[in-house]
Amino acid sequence: MMGSGLRERVSGRTITAGEAVFKEIHHIQRAIEPTLMRLNYQYLPKDEFQRTLSELLGQDVADSVTVLPPFYTDFGKHITLGTDIFINRGVMFTDLGGIDIEDHVLIGPFAKLLTVNHPTDPTERRGLITKPIRVKRNAWIGAGATILPGVTIGENAIVAADATVTKDVPDNVTVAGTPARVVQTS
């Protein structure tokens with residue numbers, strides 16, 4: 001089956017441009033486009049929006065999850081959402097490497113969670129480097145923040161607006177700046 005076990009096959013590794021899995025990735029990306037268009041470019045009542053988001057993600061999305069459109073993703077199938085989550089407008093999920101969001105998380109407008117990078121060697125640059133992102137319980141990601149591949153945001157942590165997070169954020173701290181650094185401990 002197309003996509004079956006794909007997250008396990010691509011997350012946490014470098015994928016070279018010539019690998020067969022590239023065709024599978026691009027097929028899935030094209031296949032989600034109608035669902036993304038329906039989600040973002042027409043009014044949907046909350047229950048229909050939740051059903052459409054569930055269809056896009058390939059999992060049931062709890063009624064307690066609020067996502068304000070537009071909701072951006074380049075892949076959509078490697079995002080898991082807990083309960084009581086609020087995702088503001090214009091958030092971008094580059095999720096091929098996997099994004100796991102635990103319960104009670106807040107994500108501000110235009111934040112970016114990026115699980116994909118490219119090799120720096122110009123001869124390999126068309127390849128992909130994927131690393132998962134995990135956002136632990138009760139974390140808050142501020143407006144415009146960028147979370148880079150492989151990062152875990154700790155429980156109760158706050159990522160300040162416009163911060164660029166390049167490494168794991170401990171539990172119960174606030175990080176700010178580029179690159180983000182701890183500015184306060186709870």
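- A tilted orientation is assigned to the rings of Phe75 and His78, their planes being inclined by 30° to 60°.
- Checked by atom type and distance alone, the side chain of Glu102 never pairs as donor or acceptor with a backbone atom of Lys136 at under 3.5 Å.
- Hydrophobic clustering places Val67 together with Val91 (ILVMFWY residues linked when any side-chain heavy atoms are closer than 4.5 Å, directly or through intermediates).
- Enclosure of atom CZ in Arg126 is not indicated, since only 12 or fewer non-hydrogen atoms of other residues, nucleotides or ligands lie within 6.0 angstrom.
- Put simply, the side chain of Asp60 never gets that close to the backbone of Ser54: no donor and acceptor are under 3.5 Å apart.
- Pairing each heavy atom of Ile99 with each of Phe93, the nearest pair is CD1-CD2, 3.5 Å.
- The CG atom of Leu53 lies 11.0 Å from the CZ atom of Arg38; values are rounded to the nearest 0.5 Å.
- His118 contributes no side-chain N or O that, together with a main-chain N or O of Leu128, makes up a donor-acceptor pair within less than 3.5 Å.
- With rounding to the nearest 0.5 angstrom, the CG atom of Asp84 is 4.5 Å from the NE2 atom of His104.
- Around the NZ atom of Lys112, the shell of radius 6.0 Å holds more than 12 heavy atoms that belong to other residues, nucleotides or ligands.
- Using a cut-off of 4.0 Å between Lys/Arg side-chain N and Asp/Glu carboxylate O, Glu19 and Arg13 are scored as salt-bridged.
- In this structure, Asn156 contributes its side chain and Asn172 its backbone to no donor-acceptor pair below 3.5 Å.
- Looking at Arg89, its side chain does come within 3.5 Å of a backbone N or O of Pro69 through a donor-acceptor pair.
- Under the 3.5 Å distance criterion, the side-chain polar atoms of Asp168 are matched with a main-chain donor or acceptor of Thr152.
- Transitive grouping of hydrophobic side chains (ILVMFWY, heavy atoms separated by less than 4.5 Å) brings Ile107 and Val65 into a common cluster.
- A donor and an acceptor atom, one from each side chain of Thr83 and Asp103, are located under 3.5 Å apart.
- Side chain of Arg125 to backbone of Thr120: a donor-acceptor contact under 3.5 angstrom is found.
- In Asp63, the CG atom is not crowded: 12 or fewer heavy atoms of neighbouring residues, nucleotides or ligands sit closer than 6.0 Å.
- Checked by atom type and distance alone, the side chain of Asp95 pairs as donor or acceptor with a backbone atom of Gly76 at under 3.5 Å.
- Thr185 contributes no side-chain N or O that, together with a main-chain N or O of Val173, makes up a donor-acceptor pair within less than 3.5 Å.
- Without hydrogens or angle criteria, Thr94 side chain to Val116 main chain gives no donor-acceptor distance under 3.5 Å.
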